[in-house]
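Below: one structure, written as structure tokens.
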Amino acid sequence: MGGSPPKGEDIGSFVRSHENDTEQNQTRFDCFDSLNKLAEYTSDQEETENNKGAEQDGKGKGAEPEKVSSSGINVHTNLEEKKQINEILRDSSNKILEFRLRGNRCYDEGNFVKAEELYTKGITCLQANERSYCLQALALCYSNRAAARMSLLKLRDAIEDCRSAMDSDHNFSKAQIRAGHCHLQLGELKNAMEFFEKYLATVNVDCLDKKVTLHAVEGQQNTQKVAQYIEQSMELLAQKSTDAVASALELISKALAIAPYSERLLRMKAESLIMLEKHAEAIVLCEQTFSFAENNFPIN
């Protein structure tokens, strides 16, 4: 499944600490909020047409009057159109919900490859004209697929899924935190800090999701720790003495426990091992990164 993480903090521990959005009370029809807006727009468009038609029909002998509401809107037409839209949205919501719940079961069983596949089917099962009415359902599917991809060490793909989830639902805070942790695992400290700080700056203190907020604070603190470890180890490596390099290696290992896939930290660790003439360990370290690099740093 994409290789095992280097010794230190397992990325799966973070992923599993974030619940996989399996809340069973999630409404099946989260897209119905858009329904009334669409119906209102349709009604406004039809009102003019119906009024015109009523004037023309009224001039003819025996013209049967249409049943209209007090606003002059054709009642039968609007009810029929609303019913059709209702059926379309119900079918769309049920399709994506089915794939998401099946994906959740596979995720809980540790079958992340199958979970990723099912979340993908949920995302792609909608027609183009259905997607805009099921944004919340899409956001959940994107976010869950991001979690599965994090477990598969496909961190770049997971970041893209987090962005898609945020595009679908701008208030979906869990996707922000997941994106931040992906960047942190990659050692991209600036990007990680931006996501954590953005969430902490905009969260409503009266409606805090304490668990998500805690992860954001921890992510912010860990990002600061990694930056400090890197700065201190670079100062030690510059001294080039055996003791200084050994101390630097300890700090680098601490940083890698937080950001195990940081290209910069892995390079610094390899260089430290070579300076200490631990060539066999340096070779093993490089070999361990191959599988992860293939998934996250493709060669064009």
By side chain to side chain contact (heavy atoms under 4.5 Å, CB included) - contacts of [X] (at least two apart):
| X | answer |
| --- | --- |
| C286 | none |
| K198 | Q176 |
| K269 | L249, I252, S253, L256, L273, L285 |

Students should find that the hydrophobic cluster of L118, defined by side-chain heavy atoms under 4.5 Å apart, otherwise consists of F99

Using a 4.5 Å side-chain heavy-atom cut-off and chaining through intermediate ILVMFWY residues, the residues clustered with F195 come out as M166

With a 4.5 Å cut-off on side-chain heavy atoms, are [Y] and [X] touching?
| X | Y | answer |
| --- | --- | --- |
| L265 | V226 | yes |
| Y107 | N144 | no |
| E197 | Y199 | no |
| R145 | T120 | yes |
| H183 | E194 | no |
| L186 | S262 | no |

Run the salt-bridge test on E160 and R156 with the 4.0 Å N-O cut-off and return the result as yes or no. no

Lys/Arg-Asp/Glu bridge criterion (N-O < 4.0 Å) met for E235, K240: no

Classify the side-chain pair N104/Y119 by whether it contains a donor and acceptor separated by less than 3.5 Å.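 Looking only at side-chain atoms, Y119 and N104 do form a donor-acceptor pair, the distance falling under 3.5 Å.
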
query: Can a donor-acceptor pair be found between the side chains of T289 and Y261 at a distance below 3.5 Å?
result: no

field: Closest contact, heavy atoms only, R100 versus C141
entry: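 The answer is CB-SG, 3.9 Å.
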
For A179 and I159, the nearest pair of non-hydrogen atoms, with its separation, is O-CG1, 4.5 Å

inquiry  = Run K154 and E116 through side-chain contact (heavy atoms from CB on, under 4.5 Å) and show every step you take.
reply    = CA-CA 11 Å; K154 297 179 179 180; E116 179 189 22; 3.3 Å; yes

Rounded to the nearest 0.5 angstrom, the CD-NZ distance for E117 and K114 is 4.0 Å

How long is the gap from CD on E188 to CG on L184, to the nearest 0.5 Å?
->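 E188 CD to L184 CG: 10.0 Å, rounded to 0.5 Å.
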
Among the clusters formed by ILVMFWY side chains lying less than 4.5 Å apart, do [X] and [Y] turn up in the same one?
| X | Y | result |
| --- | --- | --- |
| V212 | M193 | no |
| I258 | M234 | yes |
| I177 | V217 | yes |
| M275 | M268 | yes |

Problem - Backbone of S143 reached by a side-chain donor or acceptor of R178 within 3.5 Å - result: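 At least one qualifying donor-acceptor pair exists.
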
* Asked: Taking the side chain from S233 and the backbone from I230, do they hold a donor-acceptor pair closer than 3.5 Å?
  -> yes

The side chain to side chain donor-acceptor pair (under 3.5 Å) partners of Y229 (sequence neighbours excluded) come to none

